[in-house]
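Let me begin by presenting the structure, written as structure tokens, before commenting on it.
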Amino acid sequence: MSEHALVLGIETSCDETAAAVVRGGRTALSSVVRSQVRDHAAWGGVVPEIAGRSHLDAILPAVEQALAEANCPTASIGAVAVTTQPGLLGSLLIGATAAKALAWAWDVPLIAVDHVQAHVYAALMPTPRWEFPYVALVVSGGHTSLYRADDPLTLTSLGSTRDDAAGEAFDKAAALLGLEYPGGPSIEKAGRAGDPKAFAFKLPLLAPDSLEFSFSGLKTALLYTLVGPGGRRDDPWRVPRERIPDLCASFEFAVVETLARKAVRAAAQHGIPRILVGGGVACNRRLRERLGALASREGFEATFAPPAYCTDNAVMIAGLGHARWQAGAIAPLDAEVAARGEE
Ligand code: KG4
Ligand code: ZN
């Protein structure tokens with residue numbers, strides 16, 4: 001294989017149908033993301049049955065669009081990379097089946113990619129010179145985990161969430177506040193006009209040296225702030241709706257501060273000077289600012305995935321696919337998909 005080979009990436013693990021063409025594991029020639037956000041919004045979260053059906057409708061048009069936008073004939077594609085874990089089984093199957101069919105028809109290698117590893121790879125893509133090891137923080141709707149990365153393919157878990165992921169916490173908080181799904185961007189937007197210190201939510205930092213996370217208590221703290229201790233979500237609010245910006249800014253502050261402190265704590269504990277951050281929540285501006293500032297104050301360097309490649313996309317799948325292909329990791333055409341990855 002050439003160092004500059006073209007890889008078609010396919011991503012269907014959750015609620016985005018994505019396809020992209022990437023050259024040499026680094027340069028995106030196209031990136032198509034067909035979001036299903038509107039299909040799921042009425043339910044306040046992703047409905048697996050709806051996701052599977054929507055992927056089925058969108059996958060071939062997404063691939064065609066990615067090839068057309070990259071302006072490359074199918075004969076120039078050297079390999080097809082696809083997310084095979086973790087994710088919703090029915091959704092993963094649609095992408096994997098399409099990828100297998102294309103790899104077979106074009107007679108090119110099939111590369112199976114782990115979605116969480118790909119979120120880390122997204123932060124490596126714009127980095128001109130890789131300097132392993134890194135501490136990698138993946139913060140998304142399904143994951144909140146810290147890893148030690150020794151190369152793009154080797155992640156060792158340092159800690160992860162015991163309950164809700166950070167993105168899930170934003171999504172649940174937004175649902176409580178009556179804001180639109182996905183909750184992260186809604187809370188960020190509503191919180192812009194708010195005061196992050198208005199409500200003091202206790203930071204879930206756990207034991208002083210813990211690298212685990214726990215966000216479910218924050219959601220309950222928000223609920224009790226709204227309806228009183230022990231109250232239920234349908235109870236009348238004790239807080240006027242005009243305070244929504246303050247509530248959002250304060251909730252965001254608690255999540256961001258926890259993530260920033262733990263990422264820097266991991267780097268300090270393991271003596272690793274560089275931190276990579278990827279996943280949908282890494283789009284968050286306050287997280288980028290706060291983690292960047294805290295890291296540099298403590299003598300560490302934090303690199304974030306570009307915002308367009310923080311949320312689910314196929315560029316990171318094609319990119320990591322290229323690295324796996326270079327390492328000889330070719331998948332059989334009967335490769336399985338798995339709902340859970342390795343933790
Ligand atoms: O990586 P992603 O697209 O999907 C998963 O792999 O889970 O992440 C989606 C998550 C959602 O929970 C969404 O609320 C959150 O990322 N998110 C954000 C922001 N943009 C997306 N959270 C906080 N601030 C944002 N700007
Ligand atoms: Zn993701």
Validation row: [X], [Y] side chains within 4.5 angstrom (heavy atoms):
X: Glu257; Y: Pro196; result: no
X: Leu276; Y: Tyr147; result: no
X: Val227; Y: Arg232; result: no
X: Leu291; Y: Val264; result: yes
X: Leu226; Y: Leu177; result: yes
X: Tyr134; Y: Ile275; result: no
X: Leu259; Y: Thr144; result: yes
X: Phe170; Y: Val139; result: no

Could you verify whether a donor N or O on one side chain and an acceptor N or O on the other, from Ser54 and Asp39, lie under 3.5 Å apart?
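Asp39 and Ser54 do have a side-chain donor-acceptor pair below 3.5 Å.
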Between the side chains of Ser214 and Asp163, is a donor N or O closer than 3.5 angstrom to an acceptor N or O?
yes
Using 0.5 Å steps for rounding, measure from the [atom1] atom of [X] to the [atom2] atom of [Y].
X: Leu205; Y: Phe213; atom1: CG; atom2: CZ; result: 9.5 Å
X: Glu301; Y: Ser296; atom1: CD; atom2: OG; result: 10.0 Å
X: Lys262; Y: Leu203; atom1: NZ; atom2: CG; result: 10.0 Å
X: Met316; Y: Thr311; atom1: CE; atom2: OG1; result: 8.5 Å
X: Phe215; Y: Phe251; atom1: CZ; atom2: CZ; result: 8.5 Å
X: Ile94; Y: Leu60; atom1: CD1; atom2: CG; result: 10.5 Å

Ring geometry between Trp130 and Phe132 (parallel below 30°, tilted from 30 to 60°, perpendicular above 60°)
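Because their plane-to-plane angle is over 60°, the rings of Phe132 and Trp130 count as perpendicular.
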For His143 and His115, take the angle between the two ring planes, folded into 0 to 90°, and tell me which bin it lands in: parallel under 30, tilted 30 to 60, perpendicular over 60.
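Ring orientation, 0 to 90° scale: tilted.
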Are there more than 12 heavy atoms of other residues, nucleotides or ligands under 6.0 Å from atom [atom1] of [X]?
X: Glu180; atom1: CD; answer: no
X: Arg192; atom1: CZ; answer: yes
X: Glu336; atom1: CD; answer: no
X: Arg274; atom1: CZ; answer: yes

Is a side-chain N or O of [X] found less than 3.5 angstrom from the main chain of [Y], in a donor-acceptor match?
X: Gln269; Y: Asp209; result: yes
X: Arg261; Y: Leu294; result: no
X: Lys100; Y: Ala335; result: yes
X: Arg26; Y: Met125; result: yes
X: Asp171; Y: Pro182; result: no
X: Ser250; Y: Phe199; result: yes
X: Ser30; Y: Ala66; result: yes
X: Thr17; Y: Thr12; result: no
X: Arg265; Y: Pro208; result: yes

Can you list the steps and then say if Val116 with Ser145 is a side-chain contact (heavy atoms from CB on, under 4.5 Å)?
CA-CA 9 Å; Val116 178; Ser145 303; 5.6 Å; no
List the atom of [X], the atom of [Y], and the distance in Å for their closest heavy-atom pair.
X: His322; Y: Gly25; value: CG-N, 3.5 Å
X: Ala266; Y: Leu158; value: CB-CD1, 4.4 Å
X: Ser140; Y: Gly279; value: CB-CA, 4.2 Å
X: Asp164; Y: Thr161; value: O-OG1, 2.7 Å
X: Ala20; Y: Ser31; value: CB-CA, 4.0 Å
X: Leu102; Y: Val63; value: CD1-CG1, 4.0 Å

Ion pair Glu188/Arg286, N-O distance below 4.0 Å:
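Not counted as a salt bridge, because no side-chain N and carboxylate O are separated by less than 4.0 Å.
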Is Lys172 salt-bridged to Glu168, going by a charged N under 4.0 Å from an acidic O?
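Looking at Glu168 together with Lys172, the answer is yes, because their closest N to O distance falls below 4.0 Å.
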Residues Ile244, Trp237; criterion side-chain contact (heavy atoms from CB on, under 4.5 Å); working and verdict
CA-CA 11 Å; Ile244 285 183; Trp237 284 17; 4.1 Å; yes
Would you sort out whether Leu320 and Leu153 count as a side-chain contact (heavy atoms from CB on, under 4.5 Å), showing the intermediate values?
CA-CA 8 Å; Leu320 180 60; Leu153 311 180; 3.6 Å; yes
side-chain contact (heavy atoms from CB on, under 4.5 Å) for Lys189 and Cys248? Distances and angles first, verdict last.
CA-CA 9 Å; Lys189 196 163 148 226; Cys248 287; over 6 Å; no
